[in-house]
Amino acid sequence: MSAKEITVALVGNPNTGKSTLFNALTGLRQKVGNYPGVTVARKSGRCDCGDGLKVELVDLPGLYSLAAASPDEQVVTDVLLGSLEGSQQPDAIVVVLDATNLLRNLFLASQLAELNLPLALVLNQADIAHEQGLKIDTNLLSQRLGGVPVILTSAWKGEGIASVRRAIAEVLNKKTKMTRLTWPSQVESALNTIVQAIQTDTSIAPSNADAQRILFSSNAHTSDRLGWSQSQRISVIRQARDQVRAAGFNPLAAEPLIHYAHLRKVLEGVVSGGAGKQGNAAALDRVLLHRVMGPILFIGIMLGLFASVFWLAKFPMQWIQSGVDFLKAIIAPTLSSTPMLQSLVTDGIIAGVGAFLVFLPQILILFLFVGILEDSGYMARAAFIMDRLFSWCGLNGKSFVPLLSGYACAIPGLLSTRTIEDPKARLATAFAVPFMSCSARFPIYALMCAAFIGPLYGPGWESVVMVGMHCVGLIFAIPTAFVLTRFILKVKPQPFVLELPRYQMPKPRDVLWRMWQNAAEFISKAGTVIFAITIIIWALCYFPRDAQMAEKIKTAEPTLNTQELQARTQAAMIEQSWMGRFGKTIQPVFDPCGFDWKITVGVLASFPAREVIVSTLGVTYSIGKGAEADSQHLRLAMQDAKWTEGPRKSTPIFSLAAVLALMVFFALCSQCGPTIATLAQETGGWKWATISFFYMTILAWVMAVVVYQCVIRLT
Amino acid sequence: MTPLSQLLPGQFGKLVSLNPDRAVDQRLMALGLLPGMALKLVRRAPLGDPLAIEFGGQVVSLRLAEAESLIVDVAADCPVQRPKNNS
């Protein structure tokens, strides 16, 4: 963004169709980034306003008030005041309002007028207002507000977009500002008191809008930003608030009271008709929020969502997997003269790209669903239905979709925590998502159950263990969220005040575009980290290399056939690689869980992606690569495996205790590079990702020790 | 004078007072829920909490615990008994 470029901010309440308007105005020529230091997405795009005038249009998060209770709202306020580092104050503001509820929407516009910037009002969803029989006199409204352009649009239908472009050009040209309300004299003098005190104390001249934030908001953000010290401001603010009280207002209620009283007068005679006409929400809510039908329909919709993420995504995931294998098979022979390069390209680079591409189908499908649920208005109802189940542990109704998605895969689950407005609940939900038993944990459960639980205790117990394993994560995630929100996170909790908007048909372009933006952000941010981790683990398993290994094994055991020789060579190679050596060194740590060095290597090699455990066990148990959970060879090899030294010598390694401990370990351990990378991306830094990694891994180890030690004493 | 949390579904009235010190009430005021405003308890969620209230042409959900500080003057012609075959 060049310094000279003209920027225009798009501001409005949630559910006004602001994003649809933004997409229509920019025609998808958009950039998505982050505001510095916060996890609030910065969406901007080029908007052509005619006569060669091109402006940078910034789509700010939806908000109801500049009082800035949440970080999202804080960002909007900071951007508009021009006080956010790395972003300039916009040259003009376009306020998007819901034409069917002008009074409430004008409250934000009226606060924005105090910023004294050129401004235009877009009354969107005019088609729905028209259906409801509402007539809006835009000329009268414009006249009463100082001549600012007032445009009726229906962004959904693409109506009125050209007028918005012209209005932007007009306000930039004429610098039309919206008439500010006249504050009661005591309030005016209270604001002056604050402005003058700041000027004296900091020698910065604050704007009137700054003074209003300090006088009316209970948070200290603005004072802190202006560098107005606590000792200096306390008595001044108290004095100013006393002046407001003298006028008969509670200082924390004065702003909405005065604005709304002013706006009622502004709207007199502007809106007519519409009496008795209800929107579609009431009728649909009677069914969708019904005491019995509501939850049933909710479960149905969520099962549909889960089944799609889980099953539908399987096919494209298989295609990606076969594509990766196909590519490997093509490239491998061309590099056979240089085995190191061959392995780097196939097992490192191609596998690394495949490692994050394979998540794309699930991300795309989940965001398709989330987009439809959000844009249709159902997501708010889902949160309404589920809130009671989550509120006691500090989460909220919107935590449900991320947690459910986590059962398919943590990555889309983490990305969908963006729908949660409350930063505290968002972080706690993101922290809980990786505990959900994702599909990558399934192979190890399946292998252990098929090889040990089933044969020893019958298929009944096999299913019990399977179901139990899928609950282990949840059992630990809920208390974790409780402790996190109650005792650890210092962020102020947000009240769960949620608008239940009118139902609406989602616009395919908006849904698909947001789906793609989420996927693209995942690839560019998390993708690079995932790729790097894959390469590092490849190197640890590959080096150092003994070129004569195959020869040595052949000399020692000349009776082996080619396939056996290859498997034995692979096993020997990994045993003497850095990873193998590290596994042997660190095995004592896992000894109390009953893991031998081969399992330890499997556990360590699984940190970038837990599903590799089965194929790693295949290598360490000399079955060869590509072992599957249903591989008969692997099961037999594991059933035969015995301790070769120590107090447990010649007892089976895979006792019931060790099998259960291993499964519990995999249920809880943070063994997924992509999850850690995504967690860092979504929480705005490595702090929470690091805490999550160590917390889950240590918890997994402790619980594996507890399970092993208890079970071994009971059996 | 009844706290909003004790209203029955379908009951309506006028907001008498709220507590501007609380973040919830500040948010509701921004949405236009000010003393004197007519409001209606539309329904409770299937699990009893949160509540859906209607005022100024919009439906907003808020938690039972958050609805305590809102004092409502229930209109005299309101149904007092919860209707049997209605949610």
Side-chain angles (χ1 to χ4, degrees), chain A residues 13 15 63-67 69 98 100-101 103-104 107-108 111 216-218 250-257 259-261 263 274 278-279 281-282 285-287 289-295 298 380-381 383-389 391 396-397 492-502, chain B residues 4-5 8-10 12 14-71 82-87:
Chain A
N13 287 182
N15 307 311
L63 81 172
Y64 295 108
S65 159
L66 289 187
D98 178 355
T100 66
N101 193 352
L103 179 63
R104 186 198 79 195
F107 173 62
L108 179 67
Q111 283 185 318
F216 299 131
S217 302
S218 45
N250 179 324
L252 293 176
E255 192 181 26
L257 278 170
H259 274 289
Y260 271 100
L263 292 171
Q278 279 290 318
D285 277 349
R286 261 195 287 281
V287 180
L289 296 180
H290 186 270
R291 257 176 308 163
V292 183
M293 284 307 290
F298 170 80
R381 272 77 182 184
F384 180 70
I385 292 173
M386 290 310 285
D387 187 59
R388 185 76 193 87
L389 280 183
S391 58
N396 72 36
K492 223 170 69 187
Q494 293 298 305
F496 190 65
V497 174
L498 187 69
E499 188 186 355
L500 302 181
R502 122 176 92 256
Chain B
L4 177 63
S5 49
L8 295 171
F12 48 87
K14 269 193 174 143
L15 184 72
V16 177
S17 67
L18 36 63
N19 181 358
D21 294 337
R22 304 201 333 161
V24 190
D25 301 53
Q26 287 168 16
R27 174 62 55 93
L28 289 169
M29 286 190 294
L31 293 174
L33 188 61
L34 297 161
M37 188 82 178
L39 64 84
K40 177 182 170 186
L41 183 77
V42 183
R43 61 167 46 80
R44 286 163 189 267
L47 294 168
D49 185 16
L51 312 170
I53 59 169
E54 188 183 331
F55 60 90
Q58 58 194 329
V59 181
V60 168
S61 147
L62 75 159
R63 286 178 181 158
L64 214 49
E66 295 169 343
E68 276 168 2
S69 60
L70 301 168
I71 307 298
R82 189 191 196 127
K84 287 249 163 63
N85 50 3
N86 203 340
S87 68

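Source: prediction; values computed, not measured. Labels below follow one simple rule: chain letters A, B, ... track the order of the sequence lines, proteins then strands, and each chain is numbered from 1.
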Discussion item. Please check: side-chain N/O of A/Y260 versus main-chain N/O of B/G32, any donor-acceptor pairing under 3.5 Å?
Written reply: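 A pair under 3.5 Å: yes.
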Practice prompt. Using modelled atom types only, decide if a donor and an acceptor are shared between the side chain of B/E66 and the backbone of A/F496 within a distance under 3.5 Å.
Written response: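 Yes; at least one donor-acceptor contact below 3.5 Å.
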Worksheet item: Does any non-hydrogen side-chain atom of B/L34 lie less than 4.5 Å from one of A/P256?
Response: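 Yes, close enough: below the 4.5 Å cut-off.
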Item to complete: State, with a plain yes or no, whether a side-chain heavy atom of A/N396 is found less than 4.5 Å away from one of B/R63.
Response: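 Yes, side chains in contact.
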Heavy-atom cut-off 4.5 Å, strictly under: side chain, backbone, both or neither for [X] against chain A?
X: B/A52; answer: both
X: B/D25; answer: neither
X: B/L28; answer: side chain

With rounding to the nearest 0.5 angstrom, report the [atom1] to [atom2] distance, [X] to [Y].
X: A/D98; Y: B/Q58; atom1: CG; atom2: CD; answer: 9.5 Å
X: B/Q26; Y: A/F216; atom1: CD; atom2: CZ; answer: 12.5 Å
X: A/N101; Y: B/L31; atom1: CG; atom2: CG; answer: 9.0 Å
X: A/R388; Y: B/R44; atom1: CZ; atom2: CZ; answer: 12.0 Å
X: A/L252; Y: B/N19; atom1: CG; atom2: CG; answer: 9.0 Å
X: A/F384; Y: B/L47; atom1: CZ; atom2: CG; answer: 10.0 Å

Worksheet item: At a heavy-atom separation under 4.5 Å, does A/L498 approach chain B through its side chain, its backbone, both, or neither?
Response: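 Contact with chain B is through both the backbone and side chain of A/L498.
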Worksheet item: Between A/S391 and chain B, which part of the residue has a heavy atom less than 4.5 Å away: side chain, backbone, both or neither?
Response: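 Both backbone and side chain of A/S391 come within 4.5 Å of chain B.
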Practice prompt. Grab the two heavy atoms, one from A/L289 and one from B/P46, that are nearest each other, plus how far apart they are.
Written response: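 It is O-CG, 4.3 Å.
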Discussion item. Using every non-hydrogen atom in the two residues, find where B/A30 and A/S65 come nearest and quote the distance to one decimal.
Written reply: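 Closest heavy-atom pair between B/A30 and A/S65: CB-CB, 3.7 Å.
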Worksheet item: Who among B/D49, B/L62, B/L18 has the most heavy-atom pairs with chain A under 4.5 Å?
Response: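 Winner by heavy-atom pair count: B/D49.
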Worksheet item: Would you find more than 12 non-hydrogen atoms of other residues, nucleotides or ligands less than 6.0 Å from B/R22 atom CZ?
Response: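 Counting neighbours around CZ of B/R22, more than 12 heavy atoms of other residues, nucleotides or ligands fall under 6.0 Å, so yes.
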Item to complete: Please lay out, stage by stage, how A/D285 and B/R43 fare under the test side-chain contact (heavy atoms from CB on, under 4.5 Å).
Response: CA-CA 10 Å; A/D285 277 349; B/R43 61 167 46 80; 3.6 Å; yes
